[in-house]
Enquirer: 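Next up is a structure, given as structure tokens.
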Amino acid sequence: MAVGYVRAGRDRIEKDANLRVREAIALVFSRFAEMQSIRQVHLSLRSDGIVLPCVSHSREVGRAIVWKLPVYNTVHHILTNPIYAGAYVFGRTGSRVTIENGRKRIVRGFRKEQCEWEVLLVDHHEGYLSWAEYERNQRLIADNANGKGMMMARGALRRGELPLGGLLRCGHCGRKLHVAYSGKNGNTGRYHCRGAQLNHGTDPCISFGSLRADLAVGAEVVRLLQPLGVEAALQAIEARRMEVGERRRQFELALEQARYEAALARRQYDAGRSQQPSGGQRTRTTVECGAGDRSRTRGGIAGFGATPAGGAI
């Protein structure tokens, strides 16, 4: 069962009753709605020291929630798993059979397209976002992969000095323009398209220097944004305030959980003493150690702004 959900009977699942778990999952989706990039969400969570829940199974405890700094795959799994959109899905992966060197080879675990899923039940249970929001997120994620093999994918900004890199398209063939650098220091840029030449053997489509294009587009952007400068500044201040509030909320929930666990350990210790009046030194020591661990955890969380302990998920 995905983290953030628990089974309720044989055929029903519900959101986890743990408020800290629910708000941590919701935070991932709210940050993606703001940043629209899995990588940026991942980096922001680690930069803020925000830990995410993951499911741990052991013979002694069974299913338990542990908290760790997220890795990229953790964030990717949360954002792409349809269970968080309230959908029940079966058959998202499959196997392929190929012949290599005259022998059959089976490749398992490849991702199917949504239209090929065997079962899809929307509104099966309560989700952390709507199905429409989930589909929008998947389109953004696909676009951010830069649409290899897909001509009209929008794509994300690419690295490099030129501000329009990854954003311009050829007016002849519709393909993305490539960026090339030349000059003595390698800082003279050009936009060019060789798609038709490489694919069809025709002449190159276009090629032009970056200076005039970048200046013209930059001047137009500044002209359009000038009236919005004050509003943009206010929005940036509000966004920063919300980010700090989200971070503080996660630490407050962690502190509340640590206090609860410490109080529970104390009650168990007191109950053990009342049941063993003549001697329970071993039980007493064990319970006291548990309470001490939780107290130390509580003290670490109370220092708001410090990076929480824990490895990566």
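Everything quoted here is computed from the prediction, not taken from an experiment. The residues of the chain are indexed from 1 along the displayed sequence.
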Enquirer: Look at the side-chain heavy atoms of Ile, Leu, Val, Met, Phe, Trp and Tyr, link any pair under 4.5 Å apart, and say whether Met35 and Leu52 land in one connected group.
Expert: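 Both belong to a single hydrophobic cluster.
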Enquirer: Measure the spacing between OG1 of Thr80 and CD1 of Ile38 and express it to the nearest 0.5 Å.
Expert: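 CD1 of Ile38 is found 6.5 Å from OG1 of Thr80.
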Enquirer: If every non-hydrogen atom of Arg46 is compared with every non-hydrogen atom of Pro70, which pair is closest and at what distance?
Expert: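 Residues Arg46 and Pro70, closest heavy atoms: NH1-O, 2.7 Å.
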Enquirer: Does the side chain to side chain contact (heavy atoms under 4.5 Å, CB included) test come out yes or no for Arg92 and Asn81, once each step is laid out?
Expert: CA-CA 10 Å; Arg92 284 201 300 159; Asn81 193 336; 3.9 Å; yes
Enquirer: Please say yes or no: joined through hydrophobic side-chain contacts below 4.5 Å, possibly via intermediate residues, are Leu140 and Leu43 part of one cluster?
Expert: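 No, because Leu140 and Leu43 fall into different hydrophobic clusters, even though each may have its own neighbours under 4.5 Å.
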Enquirer: Does NZ or CZ of Arg20 lie under 6.0 Å from the centre of the six-membered ring of Trp67, at an angle within 45° of the ring axis?
Expert: yes
Enquirer: How about His42 and Arg39: do any of their side-chain heavy atoms sit closer than 4.5 Å?
Expert: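 They are not in side-chain contact.
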Enquirer: Would you say Leu211 ends up clustered with Val179 if hydrophobic residues are merged whenever their side chains have heavy atoms under 4.5 Å apart, either directly or through other cluster members?
Expert: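 No: no chain of side-chain contacts under 4.5 Å links Val179 to Leu211.
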Enquirer: Counting distance only, does the side-chain N/O of Glu135 pair as donor-acceptor with the main-chain N or O of Ala132 below 3.5 Å?
Expert: no
Enquirer: Going by an N to O cut-off under 4.0 Å, is there a salt bridge joining Glu261 and Arg259?
Expert: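 Salt bridge between Glu261 and Arg259, a charged N being under 4.0 Å from a carboxylate O: no.
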Enquirer: Do Lys15 and Tyr5 meet the cation-pi criteria used here (NZ or CZ under 6.0 Å from the six-membered ring centre, within 45° of the axis)?
Expert: no
Enquirer: Using side-chain heavy atoms (C-beta onward) and a distance below 4.5 Å, is Gln36 in contact with Asn137?
Expert: no
Enquirer: Once you round to the nearest 0.5 Å, how far does CG of Leu168 lie from SG of Cys193?
Expert: 11.0 Å
Enquirer: Between atom CD of Glu220 and atom CZ of Arg223, what is the distance when rounded to the nearest 0.5 Å?
Expert: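 If we round to the nearest 0.5 Å, Glu220:CD and Arg223:CZ are 4.0 Å apart.
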Enquirer: Of all the heavy-atom pairs spanning Val41 and Val28, show the shortest one and how long it is.
Expert: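 Between these two residues, the closest heavy atoms are CG1-O, 4.2 Å.
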Enquirer: How long is the span from the NE2 atom in His76 to the CG atom in Leu79, to the nearest 0.5 Å?
Expert: 8.0 Å
Enquirer: Strictly below 4.0 Å, N to O, side chains only: are Glu118 and Lys112 in salt-bridge contact?
Expert: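 Result for this pair is yes, salt bridge flagged.
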Enquirer: What I want to check is whether the side chains of Asp214 and Tyr191 have a donor and an acceptor closer together than 3.5 Å.
Expert: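 The answer is yes; a qualifying pair exists.
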Enquirer: Please give me the minimum heavy-atom distance between Leu253 and Glu23, naming the atom from each residue.
Expert: CD1-OE1, 3.4 Å
Enquirer: Any chance you could measure Glu256, atom CD, to Leu19, atom CG, to the nearest 0.5 Å?
Expert: 7.5 Å
Enquirer: Answer yes or no: is there a side-chain heavy-atom contact under 4.5 Å between Asn18 and Ile65?
Expert: no
Enquirer: Which pair of heavy atoms, one from Ile99 and one from Lys104, lies closest together, and at what distance?
Expert: CD1-CA, 3.9 Å
Enquirer: Do side-chain atoms of Glu34 reach the backbone of Ser30 as a donor and acceptor pair under 3.5 angstrom?
Expert: no
Enquirer: Could you tell me which non-hydrogen atom of Ala85 sits nearest to which non-hydrogen atom of Trp131, and how far apart they are?
Expert: CB-CE3, 3.8 Å
Enquirer: Is there a chain of hydrophobic side chains (I, L, V, M, F, W, Y, each step under 4.5 Å between heavy atoms) that links Leu121 to Tyr128?
Expert: no
Enquirer: Quick one, Cys170 and Ile206 - any side-chain contact, counting heavy atoms below 4.5 Å?
Expert: yes
Enquirer: Arg190 vs Ser207, test: side-chain hydrogen bond (donor to acceptor under 3.5 Å, both in side chains). Steps then yes/no.
Expert: CA-CA 7 Å; Arg190 293 187 66 81; Ser207 176; 3.2 Å; yes
Enquirer: Assess the residue pair Ile13 and Met1 against the criterion (side chain to side chain contact (heavy atoms under 4.5 Å, CB included)); give the C-alpha distance rounded to whole Å, side-chain angles, the decisive distance to 0.1 Å, and a yes or no.
Expert: CA-CA 9 Å; Ile13 63 173; Met1 180 59 58; 3.3 Å; yes
Enquirer: Could you see if Tyr72 belongs to whatever hydrophobic cluster contains Leu69? Use Ile, Leu, Val, Met, Phe, Trp, Tyr and a side-chain cutoff under 4.5 Å.
Expert: yes
Enquirer: Looking at every heavy atom in both Tyr84 and Ile78, which two are closest together, and how far apart are they?
Expert: CD1-O, 3.3 Å
Enquirer: I'd like to know if the side chain of Arg22 and the backbone of Asp16 have a donor-acceptor N/O pair within less than 3.5 Å.
Expert: yes
Enquirer: As a quick check of understanding, evaluate side chain to side chain contact (heavy atoms under 4.5 Å, CB included) for Leu27 and Leu45, giving each step before the final call.
Expert: CA-CA 9 Å; Leu27 178 61; Leu45 292 173; 4.2 Å; yes
Enquirer: Assess whether side-chain hydrogen bond (donor to acceptor under 3.5 Å, both in side chains) is satisfied between Asp123 and Tyr88, documenting all intermediate values.
Expert: CA-CA 8 Å; Asp123 296 328; Tyr88 172 79; over 6 Å; no
Enquirer: Side chains of Val89 and Pro82, heavy atoms from C-beta outward: is any pair under 4.5 Å?
Expert: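 Yes, their side chains come closer than 4.5 Å.
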Enquirer: In Å, rounded to the nearest 0.5 Å, how long is the span from CZ of Arg136 to CD1 of Ile141?
Expert: 10.5 Å
Enquirer: Would you say that more than 12 heavy atoms from the other residues, nucleotides or ligands in this model lie under 6.0 Å from the CZ of Arg63, or not?
Expert: yes
Enquirer: Using a 4.5 Å cut-off on heavy atoms from C-beta on, say whether the side chain of Val51 contacts that of Lys68.
Expert: no
Enquirer: Report the C-alpha distance between Ser44 and Arg31 in whole Å, list the side-chain angles of each, state the deciding distance to 0.1 Å, and finish with yes or no for side-chain hydrogen bond (donor to acceptor under 3.5 Å, both in side chains).
Expert: CA-CA 9 Å; Ser44 72; Arg31 290 213 172 180; 3.1 Å; yes
Enquirer: Crowded around Glu113 CD? As in, over 12 foreign heavy atoms under 6.0 Å?
Expert: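 Counting neighbours around CD of Glu113, 12 or fewer heavy atoms of other residues, nucleotides or ligands fall under 6.0 Å, so no.
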Enquirer: Side chains of Phe208 and Leu177: does their closest heavy-atom pair fall under 4.5 Å?
Expert: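 A side-chain contact under 4.5 Å exists here.
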